[in-house]
Amino acid sequence: MTYVSENFWHDAVNKATTDLFTFGYKHIIKPHFVFNHTPDVAHSQMIEFCKVTRNIPPLMWLCREMLDYTDPILETNVMGVDFANPFGLSAGLDKDCEMPVLLDNVGFGFETVGSTTSRPCPGNPRPWFHRLPEYDSMMVHVGLANEGSAVVIPRAENAWTKAKNMQVSVSIARTNDDKTGDLDEGIEDYCISMRRAAGRTAMVEVNISCPNTMAGEPFNESPEALDKLFTELDKIDRPQPTLVKMPLNKTWPEFKDLLDVLAEHNVQGLSIANLQKDRTGMNIPRDWEGGLSGSPCYAASNEHIRQVYREYGDRFAIAGIGGVFTPKQAYEKIRSGSSLVMFISALMYRGPQQITVLKRGLAELLRKDGFEHVSEAVGIDA
Ligand SMILES: Cc1cc2nc3c(=O)[nH]c(=O)nc-3n(C[C@H](O)[C@H](O)[C@H](O)COP(=O)(O)O)c2cc1C
C-alpha cells in the first residue's frame, strides 16, 4: 500500500525529481564532478559546495521542494528526542559542521557533526581516503582532523537552533596529536569537549573507536579504562542523551564487557558501529592504511545490533550504522533492533537524494508489513 500524502501533486513531483536526481548523480555528477578527482579533493570540494550553497536561500528552498519527503509513519521519539525520520548522517563526513543547512533542506532526520576534539587537530598525513567502488566502500585514514570543539560545538549549536526539521548531534573524540599523554590526559581531553557540548546539541556521541590515531583505542580495549572515562564524564551535567560509538571488530564477550560498564553510567544509546578493520578476502593494496566503510561493515554491524537488542532490550537505544544503501538494508537494521539509522557511504556513492529514496522506501516496507509507526518494527527480528 502506498501512502498518499495530503498534497498528491507535491508527492508526485517529489518522486519524479528524486528519480531525476538519482539518474543525474549516477550518470553526470559522480563520473564528471566527483569520481574524476581523488577522494581527498572530492571531499574538500563537497564541503566547499555546502559552504557556498547554504548562503543561497532560493537554492535551499528548491532542494526542499524537490527532495524533502515527509511521512508520519517515519516520525519517532528516541531517548526523548523527536525526529522527523530515523535517518542521520554518521560522524566523520562533516567534522567541522559545514553541512547542516544542506542536510536539513534535503530532509535528514539528524546529523552527527564531528568527531571533534578538545584541541584543533591536523589529522594524519594525506591521503585520507581511497575509493573501493567494487566493495561499495571507502578506506578512511583521516585521524580526526578538525578545527577543535571550541569552534565546532558553537557551530553545531547554531545549526541546531536554526534547523527547520533536523536534529544535530556532536561526536567527541580524543585529540590525535603529539601532545597525547597517558590515560588521565585522554580522559580530561574528552571531558573538555563534553563540558563544551553540555546542553548545546540534541545528542552527544562519545567516539571510543577511532581506528586511525596514534594513541590507539585504550577505552575500548579495557573495561576498566572505559569505566574510568565514564566515571569522569558522569560528573558533567548535561541534559541531552549520550551515545557511545562502538568498535565493530570485537567478539561478543568483548563487546558485552564494554556494554556492562556502559550500562552503569549516564549513557542512553549506542552507535553500532565504527569502521571495519578486517580486510580478509579483499583485494586491497597493503600500503593503504585505515578502516573500511560501507558494505564490508554491514553484516558484522547487524550481528552486534541483534545481539545487543536481545540481551539489553530497552537499556540502550541503538543507532545502527554500516553499509546501508537501500531501504531494505535500513529496514533490516531497524528490525534487528535499531531505532535510528546512520550512513555516510550511501551519500558518497549514491548522492544526496538517497535520503529521500531511503525514507520513501522504508515507509513503503513498513506499510506493506502492517506497521503504523517505525518504532513498532524495532527489534522485531532480534
Ligand atoms: C569519510 C569518513 C570519515 C569518518 N570519520 C569518523 C569520525 O570522525 N568519527 C566516527 O565516529 N566515525 C567516523 N567514520 C565512520 C562512520 O561514522 C561510519 O561508522 C562508517 O562509515 C560506516 O557507515 P557507512 O557504511 O554508512 O559509511 C568515518 C567514515 C567515513 C566514511
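In what follows, residues are counted from 1 in the order of the sequence shown. Start at 1 and go down the list; that is how both ligands and their atoms are numbered.
- Of the possible donor and acceptor atoms, none in the side chain of H130 sits under 3.5 Å from a partner among the backbone N and O of V140.
- Ranking the protein heavy atoms by distance from atom 21 (O) of ligand 1 puts S293 CB, 3.4 Å first.
- Of all atoms in ligand 1, listed by their number and element, those nearer than 4.0 Å to a heavy atom of F343 are 26 (O).
- V206 places a side-chain heavy atom less than 4.5 Å from the side chain of F230.
- Distances from atom 19 (O) of ligand 1 to the heavy atoms of G322, A273, A173 put A273 nearest.
- Checked against the 6.0 Å centroid threshold, F87 and F110 do not count as a close aromatic pair.
- Counting heavy atoms from C-beta outward, T112 and V170 have side chains that stay 4.5 Å or more apart.
- The shell of residues lying under 4.0 angstrom from ligand 1, judged by heavy atoms, excludes V324.
- Residues N14 and T356 are in side-chain contact: their nearest non-hydrogen atoms beyond the backbone lie under 4.5 Å apart.
- Where the criterion is an N or O separation shorter than 3.5 Å, residue side chain and backbone included, S115 meets it with respect to ligand 1.
- In terms of polar-atom proximity, defined here as any N/O pair under 3.5 Å, I344 does make such a contact with ligand 1.
- Only side-chain heavy atoms of K245 come within less than 4.0 Å of ligand 1; its backbone N, CA, C and O stay farther off.
- At a 3.5 angstrom cut-off on N or O pairs, A91 counts as close to ligand 1.
- Looking at E364 and R367, no side-chain N of the basic residue comes within less than 4.0 Å of a carboxylate O on the acidic one, giving no salt bridge.
- Close N/O approach between A346 and ligand 1 is not found [any backbone or side-chain N/O within under 3.5 Å].
- Between N302 and H304 the shortest side-chain heavy-atom distance does not fall below 4.5 Å.
- For ligand 1, the polar-atom distance check against G323 finds a nitrogen or oxygen pair separated by under 3.5 Å.
- For Q268 (side chain) and M79 (main-chain N/O), no donor-acceptor pair under 3.5 Å exists by modelled atom type.
- Checked options N146, D189, D177; the residue passing with T117 is N146 (criterion: side chain to side chain donor-acceptor pair (under 3.5 Å)).
- By the side-chain hydrogen bond (donor to acceptor under 3.5 Å, both in side chains) test, D96 is found to be paired with no residue, residues two or more places apart in sequence or in another chain being considered.
- Protein heavy atom closest to atom 20 (C) of ligand 1, with residue, atom name and distance, is L275 CD2, 3.8 Å.
- A donor-acceptor pair shorter than 3.5 Å can be found between the side chains of D82 and N77.
- For atom 27 (O) of ligand 1, the nearest non-hydrogen atom of the protein is S345 OG, 2.7 Å.
- Nearest non-hydrogen protein atom to atom 15 (C) of ligand 1 is N274 OD1, 3.5 Å.
- Taking distance alone, with nitrogen or oxygen atoms compared against 3.5 Å, S171 stays at or beyond that limit from ligand 1.
- In terms of protein heavy-atom proximity, atom 2 (C) of ligand 1 is nearest to V140 CG1, 3.8 Å.
- When hydrogens are left out, the protein atom nearest atom 8 (O) of ligand 1 is K95 NZ, 2.7 Å; that is the closest non-hydrogen contact.
- For C210, no heavy-atom contact with ligand 1 is shorter than 4.0 Å.
- Atom 1 (C) of ligand 1 has F129 CE2, 3.2 Å as its closest protein atom, hydrogens excluded (heavy atom only).
- The closest side-chain heavy-atom distance from R174 to E185 is below 4.5 Å.
- Aromatic ring centres of F343 and Y349: separated by at least 6.0 Å.
- Listed by atom number, the atoms of ligand 1 under 4.0 Å from N207 heavy atoms are 9 (N), 10 (C), 11 (O).
- For atom 23 (O) of ligand 1, the nearest protein heavy atom (residue, atom name, distance) is I321 CG2, 3.4 Å.
- Ligand 1 has a nitrogen or oxygen under 3.5 angstrom from a nitrogen or oxygen of G294.
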